[in-house]
Amino acid sequence: MIKTHKTKMYPNAAMRLALQNLFSYRRYCYNQALEVWNNMYDESVLMADKSLRPNERKVRNELVNNKQDWQFEQSARVLQLAVSDLAKGWQNYFNPQMPNHAQPRFKSKKHSKNSFKTDRAKTVAGKLRLDKPRGAKDWYDIRLAERPRWIGKLKLATIVEEADGYYVSLSIDVDETVDQKNGNLVTAVDANVARFDYKDANGYQSVSTISDKLLNLYGRITKYQRLLARKRVANPTNFRSNNYRSTRAKLKRDYQKVSRIQADILHKFTAQLVRDNDVIAIEDLDNLHMRMNKHLAKNLHRSMFGQFKQIMQYKCEWNGAKLVMADRLYPSTQRCCRCGYIKTGDEKVGLSGNRKHHTGHNEYVCYKCGAKMRRDENAVENLIQYAQVN
Ligand SMILES: [Zn+2]
């Protein structure tokens, strides 16, 4: 079982330089790979020959065979993993089940995150040792804020630069088997824009996903993004002024705060779910299409639901709980949990209730058996029933 542990790291000046170099090299390889990929694809279309279609192996060989002299002093693993990430990106793009299926795009220095991966890293005495590239003179182990939380073989290290420094995610292959829980305790989570609804031993509960602080940060991020965009338009050749940089630094800090607050909410909630339950049903959310309140910073808040699914997937595995993903077409909102009646047409409950029958946004009234419930309790109950038969 692969477990990951993210921790801060403290590279010295020489290693910071090396990391920056690796970030640019990762970006270079990814962009090159994308270009080759696109060209191969165009060619296959022009020649109407499917055998010319690009794949990971072909693109990687093309890049390796056409390496420039300077590239031989760079990490070969960074190149290979960049191509492999691109291949995964395309796979996700064509897989409608993936929460964030955006088309792979060229990464610009301005907009993309600084990161790279390597599967040759080691942890030595609580420090991270990266594979030393050929010809590198100064090469040091990097101090980590915490010792790796898991014992096992280090499979992959993902290094990222965030607003306040460098972090590494260690993916460790842990040799342990988890007993599957017996499956008696079943719950379900109905994810809404502002909260998660679920059921525990004491009845229906909900956890808010929005706080004033989060809303405030969303607002600030939107403001900074607008400011930066305006500066880029106003002064396209020389927008990297001190003013621009400082606004960008503020933006990055707020991004980091948002992702920490969101992660905190998600981790606390999911930890409790997998601890108290054996089977958990959730909707297979397609968060790109999730309906949002127009006042929210849509993409920022939406990303929470993609993360929720991901975290649930691995935490259930780690704890021996079963995750049931309800089919996307399962009408958990429209179905009556008492009699199974499914609303269609103008009877459907929308975000703001039902116009024809004048019901409110959190009301479910069954027109067949007459049951009156809260809308999210009905949805939770439907998902629980789904988990029991699937
Ligand atoms: Zn009913």
Side-chain angles (χ1 to χ4, degrees), residues 96-97 99 181-210 266 269-270 272-294 296 301-302 304-306 308-309 312-313 316 321-390:
Q97 300 292 321
K181 293 182 171 187
N182 62 22
N184 291 335
L185 299 164
V186 184
T187 192
V189 181
D190 179 49
N192 288 301
V193 176
R195 63 182 192 280
F196 290 117
D197 289 292
Y198 66 106
K199 194 180 177 185
D200 68 9
N202 300 319
Y204 298 103
Q205 312 289 347
S206 69
V207 165
S208 171
T209 57
I210 293 179
L266 288 173
F269 178 50
T270 52
Q272 176 199 341
L273 276 177
V274 296
R275 190 190 60 218
D276 298 347
N277 298 284
D278 306 340
V279 180
I280 302 147
I282 64 173
E283 283 172 291
D284 190 1
L285 292 168
D286 178 3
N287 56 333
L288 274 187
H289 298 120
M290 183 149 178
R291 281 192 271 177
M292 280 275 153
N293 181 318
K294 65 173 186 251
L296 280 174
H301 200 66
R302 238 182 221 143
M304 256 186 115
F305 301 99
F308 173 65
K309 188 165 133 186
M312 284 302 287
Q313 276 166 333
C316 283
K322 185 181 169 199
L323 182 67
V324 177
M325 214 96 85
D327 189 280
R328 197 159 297 167
L329 299 173
Y330 181 66
S332 59
T333 321
Q334 309 301 340
R335 182 180 183 272
C336 168
C337 68
R338 307 262 171 88
C339 71
Y341 175 72
I342 295 167
K343 296 185 177 184
T344 50
D346 58 3
E347 289 190 344
K348 276 191 172 184
V349 225
L351 269 189
S352 48
N354 181 295
R355 218 173 269 166
K356 187 179 162 195
H357 297 276
H358 305 288
T359 55
H361 80 282
N362 197 19
E363 249 183 308
Y364 186 95
V365 181
C366 178
Y367 307 128
K368 196 171 166 216
C369 74
K372 277 187 187 166
M373 295 163 278
R374 274 182 50 198
R375 173 198 151 126
D376 32 57
E377 293 176 359
N378 179 51
V380 168
E381 212 52 60
N382 277 325
L383 286 167
I384 291 177
Q385 290 177 13
Y386 182 94
Q388 281 158 343
V389 293
N390 283 282

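This chain uses plain numbering: 1 for the first residue, then up along the sequence. Remember, it's 1-based here, ligands and their atoms both numbered in the order they're listed. Computed over heavy atoms, backbone and side chain alike; hydrogens, waters and symmetry mates excluded. Bear in mind the structure is a predicted one, so any value in this text is a computation, not a measurement.
For the Zn ion (ligand 1), protein N, O or S atoms closer than 2.8 Å were enumerated as Cys336 SG, Cys339 SG, Cys366 SG, Cys369 SG, with waters left out.
Electrostatic pairing of Asp376 and Arg195 counts as a salt bridge here, judged by a charged N lying under 4.0 Å from a carboxylate O. Note on Lys348 versus Asp346: no salt bridge recorded, every NZ/NE/NH1/NH2 to OD/OE distance being 4.0 Å or above.
Side-chain contact between Ile280 and Val274 is present, with heavy atoms from C-beta onward closer than 4.5 Å.
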Using residues 334-345 as the side-chain source, report each donor-acceptor pair under 3.5 Å to any protein atom, sequence neighbours left out, with the distance given to one decimal.
residue, atom, partner, partner atom, Å
Gln334, OE1, Val349, N, 2.9
Gln334, NE2, Val349, O, 3.0
Arg335, NH1, Asn382, OD1, 2.6
Arg335, NH1, Gln385, OE1, 2.8
Arg335, NH2, Gln385, OE1, 3.4
Tyr341, OH, Glu347, OE1, 2.8
Lys343, NZ, Val365, O, 2.6

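Taking the ring centroids of Tyr198 and Tyr204, they lie at or beyond the 6.0 Å cut-off.
Aromatic ring pairs are classed by plane angle as parallel below 30°, tilted from 30° to 60° and perpendicular above 60°; the pair Tyr386 and Tyr330 is tilted.
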